[in-house]
Protein chains: 2
Amino acid sequence: MGTTQLESVPEPKYWHLKTVLSEALDSEFSVGEILPNERDLAARFGVARATLRQALEQLELEGRLQRRRGVGTTVAPPRVGVAVGGSEQHDWPGATGDTWQPVDCTLEVPPAAVAAALETGADRPVHTLRRSRTSNGQPVAAELLYVAEASVPDLSAIDAPSGAARARAVLRELQRLELEGRENAVELGSARADDAKELDRLPGAPVLVVTTRYFAGGRVAAISVATYRADTCRLTFGDSGGVEIHQGPERKAS
Amino acid sequence: MGTTQLESVPEPKYWHLKTVLSEALDSEFSVGEILPNERDLAARFGVARATLRQALEQLELEGRLQRRRGVGTTVAPPRVGVAVGGSEQHDWPGATGDTWQPVDCTLEVPPAAVAAALETGADRPVHTLRRSRTSNGQPVAAELLYVAEASVPDLSAIDAPSGAARARAVLRELQRLELEGRENAVELGSARADDAKELDRLPGAPVLVVTTRYFAGGRVAAISVATYRADTCRLTFGDSGGVEIHQGPERKAS
DNA sequence: AAGTGGTCTAGACCACTCA
DNA sequence: GAGTGGTCTAGACCACTTA
């Protein structure tokens with residue numbers, strides 16, 4: 001027939017909008033600069049605010065923008081490379097050079113999946129450490145580290161019932177075991193309320209969840225569940241977080 | 001004053017909704033089961049459809065749900081563990097046992113960031129391979145593999161100008177180099193139109209982008225940019241993708 | 001108090017799948 | 001063609017930051 005299908009797959013508005021904004025960010029904005037507010041931007045592009053927000057959400061997901069309630073939308077700096085299983089691949093958490101900051105430590109019954117992997121009983125409490133990690137002064141990750149009681153038997157005599165001091169004591173005891181290996185897994189998740197608070201994000205924000213199993217004595221001696229801000233972090237599994245590589249056009253370094 | 005702040009931080013509706021749905025998924029649904037449609041669900045919970053969708057979106061992001069236009073919303077199976085830098089840590093792509101399927105190969109000018117890392121000139125074409133990876137019959141990842149021309153000098157005599165045959169030829173030549181090391185980085189992204197098509201998702205779907213640099217001869221000989229479906233994949237950087245570990249309650253295995 | 005992004009509504013129409 | 005999820009609108013109010 002004579003019907004020429006010129007635009008058989010019309011691009012959604014928010015998708016086109018995202019492309020336009022992305023190019024504008026490359027050419028007309030520099031890092032840290034604040035964008036016009038959402039109502040103005042929507043009007044300028046002739047779309048509803050919800051549609052504009054859909055585009056902004058994607059750009060934020062890709063680490064191009066940073067939005068803060070009550071403040072505004074700013075151009076985000078390039079993602080920081082964060083070493084996760086680097087040269088210290090075969091060290092326990094808390095070894096010298098570890099970039100994590102112990103926050104707290106309690107004895108709690110862990111989630112069922114953790115108990116199963118640790119091969120403790122389903123209702124047995126384990127040492128539950130909270131640690132946090134910062135980069136350039138910004139919080140980038142929050143961790144829950146589960147250590148089986150059997151892994152650090154000589155602990156009880158020493159220490160405080162909880163708090164950072166106790167956390168350090170548990171980590172110190174861990175170093176005495178011979179680490180036979182570790183295994184990382186990365187998946188996408190959304191921040192629980194407590195992690196969100198620590199990461200300075202809203203609950204539900206996208207995060208990269210890194211689960212690490214530490215092997216010693218033929219068993220899983222400890223499990224770490226680390227929650228990284230997906231918008232600001234690039235996780236590196238190698239020697240360095242050096243060179244910047246990503247798809248799409250170069251970003252202005254400002 | 002006498003004002004007791006009982007609910008100083010009221011939970012957003014979609015957040016509460018997500019929790020409720022999540023628990024319902026755990027207790028009342030099994031993998032593959034289809035949920036009521038969005039209009040019905042919204043009515044049942046007494047919220048607007050947009051609000052319900054916000055909850056569903058998060059659950060899909062967490063890999064709990066799968067939504068397909070024209071079909072419906074179903075309960076997703078647990079994420080599959082996909083080995084990314086496992087025991088074959090020190091093999092080239094295309095080595096025996098590689099799980100990737102070569103699709104195509106052309107000679108193209110790469111994105112600027114890739115050219116910079118490969119230390120080819122900014123306008124020099126490089127071998128650009130497309131590969132895809134499936135797991136249990138489902139596509140899980142699409143890859144662009146950039147190989148500097150200098151890395152495979154003996155190629156020209158042999159082969160086809162493009163296509164899977166040429167891709168295999170390039171990979172064959174790569175094996176002859178001594179691989180000195182490789183380095184992975186993982187970050188969150190959204191699927192470009194071409195990747196989305198290959199992954200059977202809509203453009204903009206959340207993906208985990210794994211960038212790998214291959215070192216040989218003191219240089220970066222090749223760069224791989226692999227795009228994994230974030231909803232269905234858990235990337236493992238260790239020996240196996242065995243045990244299932246995640247936060248929150250257990251899922252019914254159906 | 002003013003201005004920002006975050007949540008929510010009640011509609012409409014479109015693109016897609018499948019019987 | 002009926003039913004699904006995907007896009008879009010034009011409003012409203014809320015929570016938060018900053019001055």
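Since the structure is predicted, the reported quantities are computational estimates derived from the model, not experimental observations. All chains are named by letter (A, B, ...) in the order of the sequence lines, taking the proteins before the strands, and each is independently numbered beginning at 1.
- Summary of the strand contacts: R39(B) and A48(B) both lie near DNA chain C, and taking for each the nucleotide with the nearest heavy atom, the more 5' one is attributed to A48(B).
- Residue whose closest nucleotide on DNA chain D sits further toward the 5' end, between G70(B) and A50(A): G70(B).
- Contact check on R133(B) versus E143(B) returns no salt bridge, with no Lys/Arg side-chain nitrogen under 4.0 Å from an Asp/Glu carboxylate oxygen.
- The separation between L52(A) atom CG and dT4(C) atom C1' is 14 Å, rounded to whole Å.
- Put simply, R68(B) has no side-chain N or O that comes within less than 4.0 Å of OP1 or OP2 on dT4(D).
- When the nucleotides dG6(D), dT7(D), dC8(C) are ranked by their closest atom to the side chain of E38(B), dG6(D) comes out on top.
- Nearest heavy atom pair, residue L129(A) against residue A167(A), reads CD1-O, 3.6 Å.
- Here the side chain of N136(B) pairs no donor or acceptor atom with the backbone of Q138(B) at under 3.5 angstrom.
- Rounded to whole Å, the distance from CG on D40(A) to C1' on dG3(C) is 11 Å.
- Under a 3.5 Å cut-off, the side chain of R166(B) and the backbone N or O of D104(B) do not form any donor-acceptor pair.
- As rounded to whole Å, 15 Å separates atom P of dG3(C) from atom CZ of R49(A).
- As rounded to whole Å, 16 Å separates atom C1' of dA15(C) from atom CG of N37(B).
- Using a 4.0 Å heavy-atom cutoff across all strands shown, L56(A) reaches no nucleic acid atom at all.
- If you take NE2 of H16(B) and P of dT7(C), they are 16 Å apart, rounded to a whole angstrom.
- Donor-acceptor pairing under 3.5 Å, judged by distance alone, is absent between the side chain of R69(A) and the base of dG3(C).
- For T51(B) and dT7(C), the shortest distance from a side-chain N or O to OP1 or OP2 is not below 4.0 Å.
- The distance between atom CD of Q54(A) and atom C1' of dG5(C), rounded to the nearest whole Å, is 16 Å.
- Which of dG5(C), dT7(D), dG5(D) sits closest to the side chain of P12(A) comes down to dT7(D).
- Rounded to a whole Å, the CD atom of E11(B) is 13 Å from the C1' atom of dT7(C).
- Remark: C1' of dG6(C) and CG of L41(A) are 16 Å apart, rounded to the nearest angstrom.
- As judged by a 4.0 angstrom heavy-atom cut-off over every strand, R53(A) is placed among the base-contacting residues.
- Comment: R64(B) engages D26(B) in a salt bridge, judged by a side-chain N to carboxylate O separation of less than 4.0 angstrom.
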